[in-house]
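Structure record follows, encoded as structure tokens.
Side chains are part of it too, since the values below use all heavy atoms of this structure and drop only hydrogens, waters and symmetry mates. The shown structure was predicted, so the numbers you read here are calculated from the model rather than taken from an experiment.
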Amino acid sequence: MRSFSLILKQFSRSVLLIAGFAFWSLSNAYAQTDAAKGEAIFKSKCTTCHKIESRLIGPALGPQLTEETDDKYLIQWIQNNQALIAAKNPKALKIYNEYNQSGMTVFADLSDADVGNILTYVRTTWKDMQAKGPEGGDKGKETKVESGPSDMVVFGLIGIIVIAFIVILVLNRVVGSLERILLKNKDLVIEDEVAVEGAVAVDAKKEFIAKILKNKKLVFFILVAGTVAMCSWGWVSLWNTNVHQGYQPVQPIKYSHELHAGIMKIDCQYCHSGAYKSKNASIPSLNVCMNCHKVVKTESEEIHKIYDALGYDPKTQKYDSTAAKPIQWVRIHNLPDLAYFNHSQHVKVGGIKCQQCHGPVQEMKEVYQYSPLTMKWCIQCHKRTEVNGKGNAYYDSILAAHDKIKKGEKVTAAVLGGIECGKCHY
């Protein structure tokens, strides 16, 4: 009977354990299903104004929903926040006034279960972000600790050092014994022989140098070769003076043209808008960067350099003009003052692509000077580039002026663009 009761107890424990594991797995599956449904709803309705890890138009939902545990209030707020504000709910009024009384969209079509799924998704995702460390926010960064070498590695190194020391001692003893044996057998004659051999070697070197200097043809050949080499080096050095092909300075912000112009396929003139309408291609202002990076990749260290230069606080989304400072970009392509180059004339009138002069910028992680930008290089390009004047207003005016000359009509400087602003002011 006793054995039967023991068997029954063991069986009941096993059943309870199996049931517990089954219940735990089912609850996990249910939570995952809820989170999956919440993710779909969140991406379709919430991502316009909210992020989980940082502030966008609205607050960062991860820490906000983790601190707020009253799910009943949250469901009412998401479904109809205007009703809570009208009822003067203290929590609703606080968040409403904190965000300058900007109204949140009413989601009356979401059921209580839908809102619960969203809350589950946001909270689990925020918890995962924190657990991942650097990707989960500053809290992860603070808890990250670099571990040093293990004890086994330290003791292993000590053992290797001890063994090496013992080997050195043994070798020293062996070398010392061999030296003593040699000295006894040779009676210290070795040192004299070494001294004699050294003197003979020095005399042989002097004799060899004297023979070379007496060979006039060889000396003449060496002098001619040296003169030609020095002249060639001087010519190349003078020819390449102020030619900075391959120049690649370190910029204050690591901006990748490969990412923006290559992978993202952003047109060059979106940032360098002056290329088609003025002499200079222009350095894009930081406001151009903020068109995207006010929302995109806000956690990047390089993007925060832009924020610091503008005095922008991504948490409050406000600018402090007193903290703003310019970014000291390093110029790469720099023509001498005696050379006049107009970007618009080449880009808009000539239809030349940026890559023809600047190289494959869309493949450059860091931009460098691709072309030599010398006078010879420009002249060669002008010689081989064909002019396409069909449908081009600039060349149409020139052709019209030629037609007037053929007819004997008067052609003034104004007809040839002599009163355009850029002719004198650039």
Side-chain angles (χ1 to χ4, degrees), residues 228-263 265-284 328-399 401-402 416-418 420-426:
V228 171
M230 290 297 294
C231 290
S232 300
W233 176 79
W235 175 264
V236 172
S237 299
L238 292 171
W239 186 262
N240 290 321
T241 300
N242 287 332
V243 177
H244 305 295
Q245 188 175 13
Y247 176 56
Q248 188 179 31
V250 177
Q251 301 291 354
I253 294 178
K254 294 179 181 178
Y255 177 85
S256 173
H257 279 77
E258 180 187 37
L259 172 63
H260 293 79
I263 298 173
K265 298 189 183 302
I266 298 174
D267 189 80
C268 299
Q269 295 176 25
Y270 177 78
C271 298
H272 302 283
S273 56
Y276 72 96
K277 62 183 178 182
S278 69
K279 174 191 173 185
N280 297 308
S282 70
I283 299 173
Q328 302 295 328
W329 297 106
V330 181
R331 184 164 185 167
I332 300 174
H333 305 86
N334 193 14
L335 293 177
D337 293 338
L338 55 90
Y340 174 82
F341 179 85
N342 192 310
H343 273 85
S344 62
Q345 190 171 355
H346 290 76
V347 175
K348 188 174 182 180
V349 178
I352 295 175
K353 293 183 178 180
C354 304
Q355 286 82 352
Q356 189 164 335
C357 298
H358 294 289
V361 180
Q362 72 279 1
E363 299 175 3
M364 299 180 186
K365 290 184 178 179
E366 294 185 19
V367 175
Y368 60 90
Q369 184 174 317
Y370 177 80
S371 303
L373 302 182
T374 59
M375 181 178 176
K376 178 183 178 181
W377 177 79
C378 294
I379 290 173
Q380 287 177 341
C381 181
H382 284 192
K383 284 181 176 180
R384 64 173 176 263
T385 303
E386 296 182 6
V387 175
N388 183 14
K390 294 181 180 180
N392 192 314
Y394 179 81
Y395 292 110
D396 288 342
S397 62
I398 293 178
L399 293 174
H402 280 283
L416 298 176
E420 294 176 0
C421 302
K423 295 293 181 181
C424 301
H425 303 283
Y426 56 84

Measure the acute angle between the ring planes of H358 and H333, then classify it against the limits of 30° and 60° as parallel, tilted or perpendicular.
perpendicular
Identified side chain to side chain donor-acceptor pair (under 3.5 Å) partner of Q362 from the options H260, H257, Q355:
Q355
Distance check, rounded to the nearest 0.5 Å: E258 atom CD versus M364 atom CE?
11.0 Å
Using every non-hydrogen atom in the two residues, find where V347 and Q269 come nearest and quote the distance to one decimal.
CG1-NE2, 3.2 Å
Please tell me whether S278 and N280 have a donor and an acceptor in their side chains that are separated by less than 3.5 angstrom.
no
Of all the heavy-atom pairs spanning Y368 and I332, show the shortest one and how long it is.
C-CG2, 4.1 Å
Please name the pair of heavy atoms, one in W377 and one in Q356, separated by the smallest distance, quoted to 0.1 Å.
CZ2-O, 4.2 Å
Given 3.5 Å as the limit, does a donor-acceptor pair link the side chain of Q251 with the main chain of V330, or not?
yes
Which heavy atom of S237 sits nearest to which heavy atom of W233, and what is that distance?
OG-O, 2.8 Å
Looking at every heavy atom in both V243 and P372, which two are closest together, and how far apart are they?
CG1-O, 4.0 Å
Interatomic distance, Y255 atom OH to C271 atom SG [nearest 0.5 angstrom]
4.5 Å
Please round to the nearest 0.5 Å and tell me the distance separating atom CD1 of I283 and atom CH2 of W329.
8.5 Å
Distance col, row R331:CZ vs H244:NE2, nearest 0.5 angstrom, shows 11.5 Å
Value for CG (N392) from OG (S397), rounded to nearest 0.5 Å, stands at 8.5 Å
Check: S344 and K279 side chains under 4.5 Å, non-hydrogen atoms
no
Matching residue for N240 among V236, L238, N242 - test: side-chain contact (heavy atoms from CB on, under 4.5 Å)
V236
With rounding to the nearest 0.5 Å, note down the distance linking NZ in K348 to CG in N342.
11.0 Å
Measuring only between side-chain heavy atoms, which start at C-beta, is Y270 closer than 4.5 Å to P284?
no
Sub-3.5 Å donor-acceptor pair from the side chain of Q248 to the main-chain atoms of E366, do we have one?
yes
Which heavy atom in S282 sits nearest to a heavy atom in G274, and how many Å separate them?
OG-N, 3.4 Å
